[in-house]
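These numbers come from a predicted model, not from an experiment. The chains referred to below are lettered A, B, ... by the order of the sequence lines, with proteins before strands, and numbering in each begins at 1.
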Amino acid sequence: ADVIAEHDEL
Amino acid sequence: MNIFRLAGDMTHLLSILVLLLKIYATKSCSGISRKTQELYAIVFVARYLDLFTDFISVYNTFMKVVFIASSLAIVWCMRFHPMVRRSYDRELDTFRHYFLVGASFALALILHEKFTVQEIFWAFSIYLEAVAILPQLVLLQRSGNVDNLTGQYIFFLGAYRAFYILNWIYRYLTEPHFTRWIACVSGVVQTALYADFFYYYFISWKNNSKLKLPA
């Protein structure tokens with residue numbers, strides 16, 4: 001599964 | 001990355017390009033709130049403190065650098081460029097924006113995901129971005145007339161927020177554990193602030209007339 005970074009949005 | 005998020009980032013980028021084009025082509029910043037631009041510069045610097053500690057993607061890093069550099073460049077032009085600064089509507093741009101900074105920071109101290117310097121500055125930047133457009137909207141309301149590039153700048157900025165909401169809905173439906181209350185609630189508040197502007201923008205577009213805001 002992909003690990004989603006906490007603040008991956010700009 | 002989904003199509004809504006990409007569309008949001010691109011309209012955000014486009015809004016900044018339109019603003020830079022206006023300033024560069026007309027050597028004027030009339031109709032633009034320097035206070036809003038200063039708030040955006042603070043927003044980006046505060047949010048991207050993770051630039052050196054967390055690597056997400058080349059795209060992410062590139063966009064962060066572009067947003068920080070462009071927002072600082074715009075503020076620099078409005079303050080120091082010999083021609084641009086003369087066109088600044090100082091007497092119309094009187095919103096007390098330091099209150100927004102103080103209130104956003106206080107809220108970030110209360111509501112954050114973790115009690116760390118980076119997380120508090122991240123939450124602060126989210127809250128401040130939500131209200132940073134207010135001085136700009138007040139300036140437009142006061143001046144009444146909106147030139148085409150300024151209108152398009154705000155239109156793209158609002159479109160960016162609308163796409164981000166679609167992005168969150170999409171992520172909520174497709175990602176198993178997508179819950180981001182701070183960003184989503186602030187984002188909805190931020191987008192709601194544009195509703196009035198969008199209404200008049202749409203009316204002027206429909207009637208093919210110049211954008212005018214009621215006094």
Side-chain angles (χ1 to χ4, degrees), chain A, chain B residues 1-2 4-6 8-13 16 40 43-44 46-51 53-57 59-68 71 112-114 116 118-119 121-123 125-126 129 160-161 163-165 167-168 170-171 174-180 182-184 186-187:
Chain A
D2 286 329
V3 177
I4 297 155
E6 243 179 314
H7 301 314
D8 60 341
E9 291 176 348
L10 291 165
Chain B
M1 175 74 87
N2 58 63
F4 303 113
R5 158 81 197 280
L6 185 65
D9 287 348
M10 290 305 115
T11 42
H12 193 186
L13 203 56
I16 293 170
Y40 281 136
V43 163
F44 293 134
R47 185 173 311 163
Y48 301 151
L49 289 177
D50 64 355
L51 201 49
T53 57
D54 297 284
F55 179 78
I56 293 160
S57 64
Y59 170 83
N60 207 280
T61 302
F62 174 77
M63 294 293 269
K64 285 174 176 174
V65 172
V66 168
F67 287 146
I68 291 176
S71 62
H112 46 256
E113 288 182 1
K114 273 186 238 128
T116 63
Q118 250 184 30
E119 285 296 323
F121 274 98
W122 180 84
S125 82
I126 294 289
E129 186 188 354
Y160 142 63
R161 295 316 313 179
F163 279 124
Y164 256 69
I165 289 184
N167 154 58
W168 291 324
Y170 181 85
R171 293 187 73 168
T174 56
E175 290 175 23
H177 302 291
F178 185 77
T179 46
R180 265 170 229 220
I182 290 180
C184 294
S186 310

| In terms of heavy-atom contacts, does CZ of B:Phe67 have more than 12 from other residues, nucleotides or ligands at under 6.0 Å? |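 More than 12 within 6.0 Å, yes.
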**Message:** Just to verify, what does B:Tyr170 make a side-chain hydrogen bond (donor to acceptor under 3.5 Å, both in side chains) with, not counting sequence neighbours?
**Reply:**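 If we apply the side-chain hydrogen bond (donor to acceptor under 3.5 Å, both in side chains) test to B:Tyr170, skipping adjacent residues, there are no hits.
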[X] versus chain A, heavy atoms under 4.5 Å apart: side chain, backbone, both or neither?
X: B:Asn60; result: both
X: B:Asp54; result: neither
X: B:Glu119; result: side chain
X: B:Phe44; result: neither

Measure the spacing between CZ of B:Arg5 and CG of A:Leu10 and express it to the nearest 0.5 Å.
->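 Rounded to the nearest 0.5 Å, the CZ-CG separation comes out at 4.5 Å.
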Smallest separation among heavy atoms of A:His7 and B:Ile56, with atom names:
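The pair with the smallest heavy-atom distance is O-CD1, 3.2 Å.
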inquiry  = salt bridge (charged side-chain N to carboxylate O under 4.0 Å, His left out) for B:Arg171 and A:Glu9? Distances and angles first, verdict last.
reply    = CA-CA 12 Å; B:Arg171 293 187 73 168; A:Glu9 291 176 348; 2.7 Å; yes
